[in-house]
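Owing to the predicted nature of the structure, the values given are computational and were not obtained by experimental measurement.
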Amino acid sequence: MNRKFRFGFSLFLSILTTLTSSAQRRPQSRWENSQPASFVIRGGLTQLFGDLKDLQSTPFLGASLTVPITNILAVEVPVDYGTLKAQQDEFYHSASSARFTQVALAASVDVLPWFRQEQRLVEVRPYVGTGLLFFRAEAHNLTTGALQRLTNNQNSRRTRDGIETRGKAGIRNTHELVWLTGIRVATALSRQMSVFGDIRFNFVRTDKLDATLDGNNQIMKPGSLAYTEGNHYGKNTTDKWGYMAVGLTFYFGERFKKR
């Protein structure tokens, strides 16, 4: 029995020594990061920051196509769709609603490699970009629901300076430049999918996103031009909107590979 025990113990030590020597000769297996193109879907809640100060959260949906330039730098094309709402009882006594579609071009950078993270299962990506926001906003009386102001109606035309009109009347949507900035934190669920949280602010070149202009609570007359007709650049504060969202990223290839 002792002989068998000694033989078994010697065999165990021999195997352990062999494995230890082999491990010392070979580098440890590690994850090698790659950055394939990806498709993103997201959803969350929006906030409109305009003249109507009582904020209301509303749901939205978005999607993005991301194309890597390097392992840390990427170009993104985000598209977002939803409704922005706000209201104020005092002074304006209005509730606004703006259905929107936004298309942009952005650049994002993964900052964790700057801190020499080995296994990059987590990404922290701040991003900035610019694009166009297409919207139609209306403001209604809080008590009666009567229409008070709107951005577009059957008399609306494209204008360069708020005075010169172009084309046919009946422009349905306003489009304005938007600058966006945000940060996204993601963690891998698999080699081809990750989940993330996203916070973004969108700075819009208009004061019309809540169908309300600075300090002006006058009501549009029936049959007249849309009350917020014109660009109002330079003489009004600009509106902003933001969101908090969660989403999934689907990679067109393996995000991590063993080497």
Side-chain angles (χ1 to χ4, degrees), residues 27-49 57 59-82 84 100-135 175-206 209 238-259:
Q28 294 183 347
S29 177
R30 293 189 299 177
W31 291 105
E32 180 181 2
N33 175 260
S34 62
Q35 190 65 37
S38 61
F39 178 73
V40 167
I41 56 173
R42 62 181 164 273
L45 296 175
T46 67
Q47 290 280 357
L48 171 59
F49 305 96
S57 296
F60 86 102
L61 293 173
S64 299
L65 178 65
T66 302
V67 179
I69 304 301
T70 68
N71 273 350
I72 63 171
L73 176 65
V75 173
E76 306 180 9
V77 181
V79 179
D80 300 290
Y81 174 80
L84 301 170
F100 74 92
T101 300
Q102 182 170 294
V103 181
L105 181 66
S108 66
V109 177
D110 183 11
V111 299
L112 285 188
W114 297 344
F115 301 95
R116 299 182 179 179
Q117 296 291 321
E118 291 271 337
Q119 294 187 10
R120 291 176 47 206
L121 300 178
V122 177
E123 285 188 317
V124 178
R125 284 188 172 270
Y127 58 89
V128 295
T130 187
L132 285 176
L133 178 69
F134 301 86
F135 67 95
H175 63 268
E176 297 286 355
L177 282 173
V178 60
W179 295 269
L180 54 98
T181 181
I183 188 168
R184 183 170 62 250
V185 179
T187 183
L189 295 178
S190 70
R191 298 187 189 185
Q192 290 184 284
M193 185 170 65
S194 63
V195 62
F196 65 85
D198 191 359
I199 299 177
R200 187 204 292 178
F201 284 96
N202 305 269
F203 302 88
V204 189
R205 191 194 179 199
T206 187
L209 201 49
T238 56
D239 293 337
K240 298 169 284 292
W241 74 278
Y243 70 59
M244 297 182 66
V246 294
L248 293 171
T249 301
F250 303 92
Y251 296 96
F252 300 112
E254 290 191 347
R255 176 70 173 82
F256 301 96
K257 298 178 181 179
K258 274 193 171 181
R259 60 187 175 112

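A 6.0 Å sphere centred on CE of Met244 holds no more than 12 heavy atoms belonging to other residues, nucleotides or ligands. Heavy atoms from other residues, nucleotides or ligands lying under 6.0 Å from CZ of Phe201 number 12 at most.
You'll find the side chain of Ser57 reaches within 4.5 Å of the side chain of Gln47, heavy atoms only. At least one side-chain heavy atom of Val195 sits under 4.5 Å from a side-chain heavy atom of Thr187. Proximity of Val103 to Leu132: side-chain heavy atoms (C-beta onward) are nowhere separated by under 4.5 Å.
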Q | side chain to side chain contact (heavy atoms under 4.5 Å, CB included) evaluation trace for Trp179 with Arg205 | A | CA-CA 8 Å; Trp179 295 269; Arg205 191 194 179 199; 3.8 Å; yes
(Q) Show, in sequence, the C-alpha distance, side-chain angles and deciding distance for Phe203 and Thr238, and conclude whether the side chain to side chain contact (heavy atoms under 4.5 Å, CB included) test is met. (A) CA-CA 8 Å; Phe203 302 88; Thr238 56; 6.0 Å; no
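For the pair Glu76 and Arg184, the salt-bridge criterion is met [side-chain N within less than 4.0 Å of a carboxylate O].
Interatomic distance, CD1 of Ile183 versus CZ of Arg125, reported as 11.5 Å (0.5 Å rounding). From Phe252, atom CZ reaches atom OG of Ser38 across 7.0 Å, with rounding to the nearest 0.5 Å. If you take CG on Leu248 and CZ on Phe39, they are separated by 11.0 Å, rounding to the nearest 0.5 Å. Between the CD1 atom of Ile72 and the OG atom of Ser108 there is a distance of 10.0 Å, given to the nearest 0.5 Å. Between atom CZ of residue Arg200 and atom OH of residue Tyr127 there is a gap of 4.5 Å, rounded to the nearest 0.5 Å. Atoms CG and CD, from Asp80 and Gln102 in turn, are 6.0 Å apart once rounded to the nearest 0.5 Å.
In this structure, Ala186 and Ser194 approach most closely via the heavy-atom pair CB-OG, 4.3 Å. Thr66 approaches Ala74 most closely through the heavy-atom pair CG2-CB, 3.7 Å. Scanning both residues, Val40 and Arg42, for their nearest heavy atoms gives CG1-NH1, 3.7 Å. Shortest non-hydrogen contact noted between Val122 and Leu112 is O-CD1, 3.2 Å. Nearest heavy-atom pair, Gly242 versus Phe49, reported as atom, atom and distance to 0.1 Å: N-CE1, 4.0 Å. Considering every non-hydrogen atom in both Ala106 and Leu180, the closest pair reads CB-CD1, 4.1 Å.
Side-chain N or O atoms of Thr206 include none that pairs as donor or acceptor with a backbone N or O of Leu209 at under 3.5 Å. Counting only distance, with no hydrogens or angles, the side chain of Thr181 and the backbone of Gly129 share no donor-acceptor pair below 3.5 Å.
Relative ring orientation between Trp241 and Phe60 is described as perpendicular, the plane-to-plane angle rising above 60° on a 0-90° scale split at 30° and 60°.
With hydrogens and angles left out, the side-chain atoms of Tyr243 and Asn202 include no donor and acceptor closer than 3.5 Å.
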